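So the structure is just underneath, and the comments pick up after that.
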2 protein chains.
Amino acid sequence: MEEGPKTYDAGKYERPSVTVDIILFSIIDDDLKVLLIKRGNWPFKNHWALPGGFIKMKETLEESAAREVKEEIGLNIKDIYLEQLYTFGDPGRDPRTRVITVSYFGLLSPDKVEEIKPKKGEIIDSEMFSVKKLPELAFDHEKILKYALKRLQYKLEYTAVGFELLPEKFTLFELKNMYEIILGEKLDKRNFLKKINSLNIVEQTGDIKSGAHRPARLYKFKKSIKSAVFRRVEFEK
Amino acid sequence: MEEGPKTYDAGKYERPSVTVDIILFSIIDDDLKVLLIKRGNWPFKNHWALPGGFIKMKETLEESAAREVKEEIGLNIKDIYLEQLYTFGDPGRDPRTRVITVSYFGLLSPDKVEEIKPKKGEIIDSEMFSVKKLPELAFDHEKILKYALKRLQYKLEYTAVGFELLPEKFTLFELKNMYEIILGEKLDKRNFLKKINSLNIVEQTGDIKSGAHRPARLYKFKKSIKSAVFRRVEFEK
DNA sequence: ACAAAAGTGTTCCTAATACACCCATGA
DNA sequence: TCATGGGTGTATTAGGAACACTTTTGT
């Protein structure tokens with residue numbers, strides 16, 4: 001039925017390179033941070049950039065993202081929330097050749113952040129930067145990062161994805177704090193609790209967190225629920 | 001400051017091919033339709049597929065999408081709503097070689113649909129298919145199409161993007177009809193009108209549509225408003 | 001006259017918001 | 001004892017949902 005490959009020559013056309021870039025967010029010290037690596041090679045040697053690299057011919061895009069995360073910062077992608085963000089492909093965004101990059105954004109819980117072990121070699125260093133105090137970035141990575149930040153804020157408003165940023169057990173006010181940090185605005189304590197309770201997405205663990213102040217009940221996220229509305233989306237004019 | 005390209009060989013790695021595929025929706029005869037083309041070459045010769053093709057080295061992804069639309073169906077992308085959908089890149093999705101495709105979805109108003117002129121050559125035929133009665137599709141295009149459909153329904157719920165599917169002037173019940181067709185459910189006439197009025201996104205043109213029945217006022221979309229919430233997003237469990 | 005779409009308000013209920021005080025602990 | 005975060009309820013308002021009849025035209 002098919003005519004066969006005789007009329008097609010895969011080498012006939014010039015092809016772009018394809019990379020995967022990964023934006024990993026986490027909350028550290030009440031601040032939204034993003035993982036950046038310092039490049040060890042041209043181009044942009046010694047510049048901060050998003051982790052990522054060229055895809056291999058026999059791996060899916062997701063496998064490529066997972067491999068890069070593993071190779072560059074030693075994290076196992078299992079149990080890390082990761083979703084495809086956007087594909088950036090303007091000619092000239094990479095001085096080497098035409099490079100199209102498929103970006104992924106992910107969320108790291110505090111315990112995952114501690115497991116980060118930057119593999120020296122192609123990269124010189126890695127660090128979680130506050131999104132409010134970013135260094136100059138290689139390529140068009142600032143544009144990609146800004147886009148990821150918008151997506152994160154947006155997703156947080158209508159899904160429960162933010163739980164990925166919290167430890168297994170958390171107090172309700174750590175939860176509220178997380179929302180405030182990402183959305184960049186204060187939320188009313190009682191209304192927030194009412195909301196969370198009505199969503200029915202957390203349950204008490206029975207454990208208590210004792211710290212510098214009055215002990216608080218520890219909650220956990222109900223695993224059965226994939227996502228839930230946090231609040232309705234606002235008009236855009 | 002930079003070390004220079006001497007350490008980088010662009011030809012060193014095997015590279016995938018990159019294509020752009022375009023999903024164009026329109027409403028015809030009270031049915032949501034999608035534009036498909038019949039392929040004239042291997043692979044999947046004589047099979048229906050989404051329009052699209054290989055990107056060129058010096059064009060952006062958007063320019064590539066625009067060029068393909070122009071080349072294959074003769075439509076000028078100007079004034080056509082188009083947004084990047086998702087990038088599909090599983091190895092094996094194309095029998096020729098590793099092909100990663102950046103998909104775009106767009107909305108055609110009825111007058112644009114009439115301008116479609118399929119360019120014979122690489123494609124044999126083009127047709128608007130009801131999304132409810134799709135033929136067997138080439139590659140993984142069914143998966144891409146299903147994804148696009150979900151995105152369309154989703155976007156319609158929280159933005160005013162649906163106006164792109166209507167002619168310049170429309171009656172409020174053509175508007176309601178459009179929502180019903182895409183969302184696949186009946187909407188209450190009075191509540192729908194209340195909603196549209198409260199959004200303040202349409203205005204009367206002063207014109208009247210006379211047809212087989214009682215004449216109706218014609219409205220148009222207020223251009224200044226990019227998007228608006230149609231209704232709040234539902235819980236997902 | 002009748003078929004078919006055009007047009008129009010009210011009631012009910014749920015959810016969002018605004019708002020203030022006492023409690024338990026560690027330093 | 002004080003600083004800090006933990007914990008709790010009510011009243012108001014806005015928006016979503018349910019619901020039925022009259023009007024205007026072409027045939």
Side-chain angles (χ1 to χ4, degrees), chain A residues 27 29-31 156-160 166-167 169-181 183 185-220 228-236, chain B residues 27 29-30 156-160 166-167 169-181 183-220 228-236:
Chain A
I27 289 179
D29 300 332
D30 288 342
D31 200 9
L156 199 66
E157 288 192 341
Y158 65 92
T159 75
L166 295 176
K169 297 175 181 181
F170 49 85
T171 69
L172 290 180
F173 294 96
E174 287 169 348
L175 179 60
K176 168 168 165 286
N177 211 25
M178 181 268 290
Y179 272 90
E180 289 180 340
I181 289 163
L183 298 178
E185 62 182 291
K186 286 281 167 196
L187 301 172
D188 180 85
K189 192 158 54 160
R190 281 169 294 186
N191 290 339
F192 181 82
L193 291 189
K194 234 183 302 175
K195 181 80 189 193
I196 294 297
N197 285 329
S198 76
L199 290 177
N200 199 34
I201 50 178
V202 297
E203 57 192 6
Q204 293 193 28
T205 61
D207 297 349
I208 295 291
K209 176 185 187 174
S210 49
H213 304 292
R214 174 176 174 176
R217 291 189 273 255
L218 284 164
Y219 288 75
K220 64 177 181 180
V229 178
F230 172 63
R231 66 173 184 190
R232 70 190 296 272
V233 183
E234 298 294 326
F235 288 71
E236 283 172 53
Chain B
I27 289 179
D29 299 333
D30 288 342
L156 199 66
E157 288 191 341
Y158 65 92
T159 75
L166 295 175
K169 298 175 181 182
F170 49 85
T171 69
L172 291 179
F173 294 96
E174 287 168 348
L175 179 59
K176 169 168 165 286
N177 211 25
M178 181 268 290
Y179 273 90
E180 288 180 340
I181 289 164
L183 298 178
E185 63 182 291
K186 285 282 167 193
L187 301 172
D188 181 85
K189 192 160 51 161
R190 280 169 295 183
N191 291 339
F192 180 82
L193 291 191
K194 236 183 300 176
K195 181 80 188 191
I196 294 297
N197 286 329
S198 76
L199 291 177
N200 200 32
I201 51 179
V202 296
E203 58 191 6
Q204 292 193 28
T205 61
D207 298 348
I208 296 290
K209 177 184 188 173
S210 48
H213 305 291
R214 175 175 173 174
R217 289 190 275 255
L218 283 165
Y219 288 75
K220 65 177 179 180
V229 178
F230 174 62
R231 67 174 182 190
R232 69 191 296 271
V233 183
E234 299 293 327
F235 288 70
E236 281 173 53

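Here the structure is a predicted model, which is why all the values come from computation and not from measurement. The sequence lines fix the lettering, A, B, ..., with proteins before strands; numbering per chain opens at 1.
In this structure, A:Lys189 satisfies the cation-pi test against A:Phe173, with its NZ or CZ atom closer than 6.0 Å to the six-membered ring centre and inside 45 degrees of the ring normal.
Of all nucleotides listed (C:dA16, C:dT8, D:dG7), C:dA16 comes nearest to the side chain of A:Lys195.
With a 6.0 Å radius and a threshold of 12 heavy atoms from other residues, nucleotides or ligands, B:Lys220 has its NZ atom at or below the threshold.
Atom CG in A:Asp188 sits roughly 14 Å away from atom C1' in C:dA15 (whole-Å rounding). Rounded to an integer number of Å, the gap from B:Lys209 NZ to D:dT25 P is 16 Å. For the pair A:Leu187 CG and C:dA18 P, the computed distance is 11 Å after rounding to whole Å. As rounded to whole Å, 13 Å separates atom P of C:dA15 from atom CG of A:Asn197. At whole-Å resolution of the value, CG in B:Asn200 and C1' in D:dG15 are 16 Å apart. Between B:Phe192 atom CZ and D:dG15 atom P there is a gap of 18 Å when expressed in whole angstrom units. Regarding B:Lys186, its NZ atom lies at a distance of 17 Å from the P atom of D:dC19, rounded to whole Å.
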Residues 201-210 of chain A side chain polar contacts: donor-acceptor under 3.5 Å, at least two apart:
from     : atom 1 : to       : atom 2 : distance (Å)
A:Thr205 : OG1    : A:Asp207 : N      : 3.1
A:Thr205 : OG1    : A:Leu218 : O      : 2.9
A:Asp207 : OD2    : A:Lys169 : NZ     : 2.3
A:Lys209 : NZ     : A:Glu174 : OE2    : 2.4

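Rounding to the nearest 0.5 angstrom, the gap separating the CG atom in B:Leu166 from the CD1 atom in B:Ile27 is 6.5 Å. Atom-to-atom distance recorded for B:Tyr179:OH and B:Phe192:CZ is 6.0 Å, nearest 0.5 angstrom. The CD atom of A:Glu180 sits 10.0 Å away from the CG atom of A:Leu175 when rounded to the nearest 0.5 Å.
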Exercise. Report the C-alpha distance between B:Asn191 and B:Lys194 in whole Å, list the side-chain angles of each, state the deciding distance to 0.1 Å, and finish with yes or no for side chain to side chain contact (heavy atoms under 4.5 Å, CB included).
Key: CA-CA 5 Å; B:Asn191 291 339; B:Lys194 236 183 300 176; 3.4 Å; yes
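Below the 3.5 angstrom threshold, one finds a donor paired with an acceptor across the side chain of A:Arg190 and the base of C:dA20. With hydrogens and angles ignored, a donor-acceptor pair under 3.5 angstrom links the side chain of B:Lys189 to the base of C:dG7.
Closest-nucleotide positions on DNA chain C for B:Lys194 and B:Phe173 were compared, and the one nearer the 5' end corresponds to B:Phe173.
Within the 4.0 angstrom heavy-atom criterion, base atoms lie near A:Leu193.
When the side-chain nitrogen and oxygen atoms of A:Arg217 are compared with OP1 and OP2 of D:dT8, one or more of them lie within a distance under 4.0 Å.
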Grab the N/O contacts between the protein and nucleotides 25-27 of chain C below 3.5 Å, and write none if there aren't any.
from   : atom 1 : to       : atom 2 : distance (Å)
C:dG26 : O4'    : A:Ala212 : O      : 2.8

